[in-house]
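All values below were derived from every heavy atom in this structure, side-chain atoms included, with hydrogens, water molecules and symmetry-related copies excluded. Each residue takes its place number in the sequence, starting with 1.
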Amino acid sequence: MTREEEGQERLFRYYPGDFGALVVRVVHMDLAFDVYDGHTRVVSALTAETLDAPLESLALNARDLDILRVACAGYAVTYTYDRGAAHLTVAFDPPVPPRTRFTLDTETICRPSSHVLEGLYYDGISPAGPPTQITQCQQWGFQRLVPCLDDMTAKCTYTTAIVADDGYTNLISNGDPRGSRYYLGLGRSVQEYENTRTPMAPYLFFLGVGCYDTYRREFEYPDGRTFSLELLAKPGSDAEAAERALDILADAVMWVHLFTGRGEERDRETRQEMWRLVRVRDEAKRSGDREGLEESRRTLAGLAATVTAGYAYTGSVYREIAMQNSDFGGMENVGNTTIAANRIMPSPETTDPAFEYMVRVKVHEYYHNENGSEVTGRSPFEIWLNEAVTVHVENQYHAFLFGEAYSRLRTVLDLLDPSAGTLALDRGAGSMPIEPDGFNDPNDLITGVTYVKAPEFVRMIETLMGKERFAEGLARYHDRFRHANASRDDWIRCMEETSGMDFSGMAAVWLKEKEYPVLTVTPAYDPAARRFSLAYRQSRSPGGRLWEFPFRFALADAEGRDIADRTVRIMDEAGEIVIDAVDRPAFLSLNRGYSFYGKTMFRPPENELYLQVLKDADIVGRFTAFLALADREMLRVLEDPDAKVSGRFADLCTDLIADDRLMEETGGQFLTIFPSVEDERFAHRYRALHDARKKILASVAARSRDTLLEIYRRAATASAPGGPGSLEEEAVAIRHRQRKNACLSILATLDTPEVHRLLLRQFREAAAATDRLTAFSLILESSAPERLEILEAFAAVSAKNPVAWEAFLGTVAGSDCDDLVAILSGIESSPAFAIEQADQQRALYGRFALNRKRSLETEDGRAYLAEVLRRLAPINEYSTVRALDAFAFIDGMEPRHRVPAVAVLAGLLDSLDAGAYPAVYNNARRFLLGAPEAVRAYEEEHGEIPAI
């Protein structure tokens, strides 16, 4: 840390200055793990090489270990272990000379945890054998296993031997198996692994011992190279679902190879044909059609020789391993990806959003083999660099399968969601830049800023460069830094070299500043000169700097045809864009495709917005025009609670959901009306916003009940499951279900016995989990006399399946009913609820926290949330910190709610040990420091808050 940082109040535990260059170069680790139920003995031989100076001592990271032995051949060593600081310091006599290799031998003991989901921990109970134990090393879990240099730049090769109980079906680590598993006797056996091809950062290490159902299939590249895909599922899993999961994984692996290489835009038709032929070849392989197999192989090999393919896996086995308990949905571990058991394979209980997540997480974690594993960021401050490019590729894959319009609209919804959307949280009190000034725990960096804002920054770079040159720049980056570490400057430099553009100034603002630009535009048209001009002015960053970003817009005629389409790079504070020789546009389509991360301020006449919603050729333009109309309608209802909803807007909603072409392209998500407005007077009045939205939907239902019922029935027929198809076919069914449930949600606002019967019928007859949960949620919020009976019965059924139970918890916690806190308390008392399970924490507590109209605007909700935060902090800091996002806008809330909200955080701080729970403590402080008006009001009533 710099002196300047030392002189300021330390809001974070770690700053960039805490991550310097290593004093040695790590070469190899030879590890042996002797695993028992309650402890693991670890023997390590760490080979390193000194740099230009003699090495008198070496400080290793070692957290919560028992140190049994430390030795180094050729040197006498002494050591001290500071358990509190997690440092094992080894002194060498004589010092190790410069440029000399040495091997440090240690023998230590680590112990698995039941709730610290880092290092080695228990991952559920195996019914047929000893307890399942797995590791999680992101970011500093490796030092909980063995003394090491737990740094992203300590990339080295590994050999690993695992000794464990014969009862385990699988002993797993990174690399390729070195021979078969062999038995030692006395109920113990050994499996060895060799990871010597690709140097690996410590956070990517994985070790697992457990009982799994193992499924395998061969993966074959177009040129004939093969390796094995494996899926390790929990015991008793459905074999057909596991095979389906392997097929989905194989699609992801093949897509990365075919569609992320150089020249993809140029050779797209060839690659599309290869994609088709791969499926033909694999079907011939399954059916035993030898002639068809050989013919497709010959054709594929010929086509493969004409394209430059993308990443190809370098190992002999790539595994996906089901983990029951984790802070993350997935984690790459060089050849061994762990994925939440509830998301690793499809099941009858998998909802549509969960299915989409499953598709995404498979390609995401696999692509990390290249971007993150082979090329790794230099420090935790550059986790975004590993993640943003990977999410960008993940988004491309999702768009390939689900359609560009649907996929981009899904991302825009994630940006704009007022409760947990990235744009909202980016202006909240707890927001941090993509590359923050500091952090308390690496998990602080696992947020929407890293996974949504940072990929949008990457997308803006691609927009400015063009897809072809971007692919060239990315390939250059991976080639130049393969098997090494890279900084964000390295990545930017590769993009600049390829494009001839300067991105350094753009990156300096986007990566180091919070928030986003707001672009205010003013159009003008000169009919005599047939000249259109667009004056613009951008807001500055919180640090007073100008943003740089691509801004795409179009002029459209009354039929929605583009008169002109432009993409300009905004770099100055204000300017004017002029387009000559054009007719007067009927409407403007601004920020097309959501070309920049931010907001565009423009208030066109209402008639232009209605025309744009119906006619714009850009789906994001249509949707943002619809949101603008919804915002105006919401504000009108908020300002005058007695005002009637505009019939024109209500009819527009019906017209949109009745538009077959629109719904087939975007699904029911297009009809999203957020409980939000831009006007700061009402932006954080959560109950009022919810009620205004409900009033609008009730007006739509009252005016168009019969039409909505007819659309509902047609969509229900179209979405009826017909057995598993291709991912593209699954995407079509998902869009139909969205449309059907959008109709049902609107109709439910009528809350009549007829609607109750419709809800009950869908709930009881649903073949898809999404349909069942949608109906259940609407019943729970209705006046249906059966609601509590259905709640009890559905809870009992859901509790039998972990996938269904997680979905049930999230649905209930996000609902709006007066007895919600009592319902949640009852759920917590269920034997099925396990507070130490991260997925259940996220579903119940995280979802309730963001249900602010209940968690922050009711007395019983605040009391319940305060108690939950106190109980959860000692169990899982990460889940607790995510729940704290609910407090991002205390100063924007109604005055009557501000002081009670501050009281929740003040009470939490008073109950916490800052040293034991730094992430929770410091984040709670940041939210209070970001709400000065609320804190001032609280302190006038209750006195000073000591923590701030």
Candidate pair E370 and V375, rule side chain to side chain contact (heavy atoms under 4.5 Å, CB included), full reasoning: CA-CA 6 Å; E370 177 166 46; V375 182; 5.6 Å; no
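- With sequence neighbours left out, E118 forms a side-chain contact (heavy atoms from CB on, under 4.5 Å) with V116, R144.
- Counting heavy atoms from C-beta outward, L928 and L909 have side chains that approach closer than 4.5 Å.
- Two residues are said to be in side-chain contact when any heavy atoms from C-beta on lie closer than 4.5 Å; M152 and E382 fail this criterion.
- When ring centroids are compared, F12 and F439 stay outside the 6.0 Å threshold.
- A salt bridge is absent between R480 and D490; no separation between the charged side-chain nitrogens and carboxylate oxygens falls under 4.0 Å.
- With rounding to the nearest 0.5 Å, the separation of CE in M495 from CD1 in I461 is 8.0 Å.
- Judged by distance alone, with hydrogens and angles left aside, the side-chain atoms of Y14 form no donor-acceptor pair with the main-chain N or O of P380 at under 3.5 Å.
- Between the Q136 side chain and the Q138 main chain, a donor and an acceptor come within less than 3.5 Å of each other.
- The ring-ring contact (aromatic ring centres under 6.0 Å, His included) pairs that include a residue from residues 86-110 are F92-F102, where partners are two or more places apart or lie in different chains.
- The backbone N or O of D426 lies less than 3.5 Å from no partner atom in the side chain of K514, so there is not a single donor-acceptor pair.
- Here the side chains of Y193 and I162 are in contact, with some heavy-atom distance below 4.5 Å.
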Where do D444 and R13 land on the salt bridge (Lys or Arg N to Asp or Glu O under 4.0 Å) test, with the steps shown first? CA-CA 11 Å; D444 291 354; R13 174 177 271 192; over 6 Å; no
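- Within the model, atoms CG of N876 and CD of Q841 stand 4.5 Å from one another, a figure rounded to the nearest 0.5 Å.
- Between F927 and F887, the two ring planes are tilted [angle within 30° to 60°].
- Contacts of Y921 classified as ring pair (Phe, Tyr, Trp, His ring centres under 6.0 Å), with partners at least two apart in sequence or in another chain: none.
- Aromatic ring pairs are classed by plane angle as parallel below 30°, tilted from 30° to 60° and perpendicular above 60°; the pair F381 and F19 is perpendicular.
- Relative orientation of the Y516 and Y597 rings is perpendicular, given thresholds of 30° and 60° on the angle between their planes.
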Assess whether side chain to side chain contact (heavy atoms under 4.5 Å, CB included) is satisfied between T447 and L425, documenting all intermediate values. CA-CA 10 Å; T447 68; L425 294 180; over 6 Å; no
Going through the checks in order, is the side-chain hydrogen bond (donor to acceptor under 3.5 Å, both in side chains) test met by T153 and D151? CA-CA 5 Å; T153 61; D151 189 280; 2.5 Å; yes
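- From E472, atom CD reaches atom CE of M465 across 9.0 Å, with rounding to the nearest 0.5 Å.
- Smallest separation of non-hydrogen atoms from S541 and W547: N-NE1, 3.5 Å.
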Kindly determine whether T106 and I67 satisfy side chain to side chain contact (heavy atoms under 4.5 Å, CB included), including the steps that lead there. CA-CA 8 Å; T106 61; I67 311 298; over 6 Å; no
Candidate pair T390 and N371, rule side-chain hydrogen bond (donor to acceptor under 3.5 Å, both in side chains), full reasoning: CA-CA 7 Å; T390 302; N371 190 75; 3.1 Å; yes
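- D479 contributes no side-chain N or O that, together with a main-chain N or O of R476, makes up a donor-acceptor pair within less than 3.5 Å.
- Qualifying side-chain contact (heavy atoms from CB on, under 4.5 Å) partners for R41, counting only residues two or more places apart in sequence or in other chains: D34, L68, E107, I109.
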Table please: side-chain donor-acceptor pairs of residues 72-81 below 3.5 Å, with sequence neighbours left out.
from	atom 1	to	atom 2	distance (Å)
Y81	OH	A62	O	2.8
Y81	OH	D64	N	3.3
Y81	OH	L65	N	3.2

Can you check side chain to side chain contact (heavy atoms under 4.5 Å, CB included) on Y878 and V881, steps first, answer last? CA-CA 5 Å; Y878 182 62; V881 168; 5.5 Å; no
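- Between R459 atom CZ and L464 atom CG the span is 11.5 Å, to the nearest 0.5 Å.
- In this pair, W491 and F457 present their aromatic rings tilted. The plane angle is within the 30 to 60° band.
- Two residues are said to be in side-chain contact when any heavy atoms from C-beta on lie closer than 4.5 Å; T40 and L120 meet this criterion.
- Looking at E548 and V509, their side chains never come closer than 4.5 Å, going by heavy atoms from C-beta outward.
- Judged by distance alone, with hydrogens and angles left aside, the side-chain atoms of T157 form no donor-acceptor pair with the main-chain N or O of T196 at under 3.5 Å.
- Using cut-offs of 30° and 60° for the angle between ring planes, the F470 and H392 rings count as perpendicular.
- Residues H478 and Y311 fail the side-chain proximity criterion, which asks for heavy atoms closer than 4.5 Å.
- Counting heavy atoms from C-beta outward, I446 and Y451 have side chains that approach closer than 4.5 Å.
- Across L104 and A71, no two heavy atoms sit closer than the pair CD1-O, 3.5 Å.
- Residues R482 and E374 are paired through a salt bridge, judged by an N-O separation under 4.0 Å between the basic side chain and the carboxylate.
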Report, one line per pair, each donor and acceptor closer than 3.5 Å where one atom sits in a side chain of residues 42-53; sequence neighbours left out.
from	atom 1	to	atom 2	distance (Å)
T47	OG1	T103	OG1	2.9
E49	OE1	R101	NE	3.4
T50	OG1	P97	O	2.5
T50	OG1	R99	N	2.9
T50	OG1	T100	N	2.9
T50	OG1	T100	O	3.4
D52	OD1	R99	NE	3.0
D52	OD1	R99	NH2	2.7

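- Q139 is not listed as a side-chain neighbour of D150, based on a closest heavy-atom distance of 4.5 Å or more.
- The CG atom of D502 sits 7.0 Å away from the CE atom of M571 when rounded to the nearest 0.5 Å.
- Taken from OH in Y917 to CD in E877, the straight-line distance is 8.0 Å, to the nearest 0.5 Å.
- Within the 3.5 Å criterion, the main-chain N or O of L204 finds a donor-acceptor partner in the side chain of N174.
- Panel note: side chain D327, backbone L117; no donor-acceptor pair is recorded below 3.5 Å.
- The one candidate from E332, R319, E365, M331 that meets the side chain to side chain contact (heavy atoms under 4.5 Å, CB included) condition with T338 is M331.
- With hydrogens and angles ignored, the 3.5 Å screen pairs no side-chain donor or acceptor of E515 with any backbone N or O of P542.
- Heavy-atom minimum distance, P202 versus C137: O-CB, 3.9 Å.
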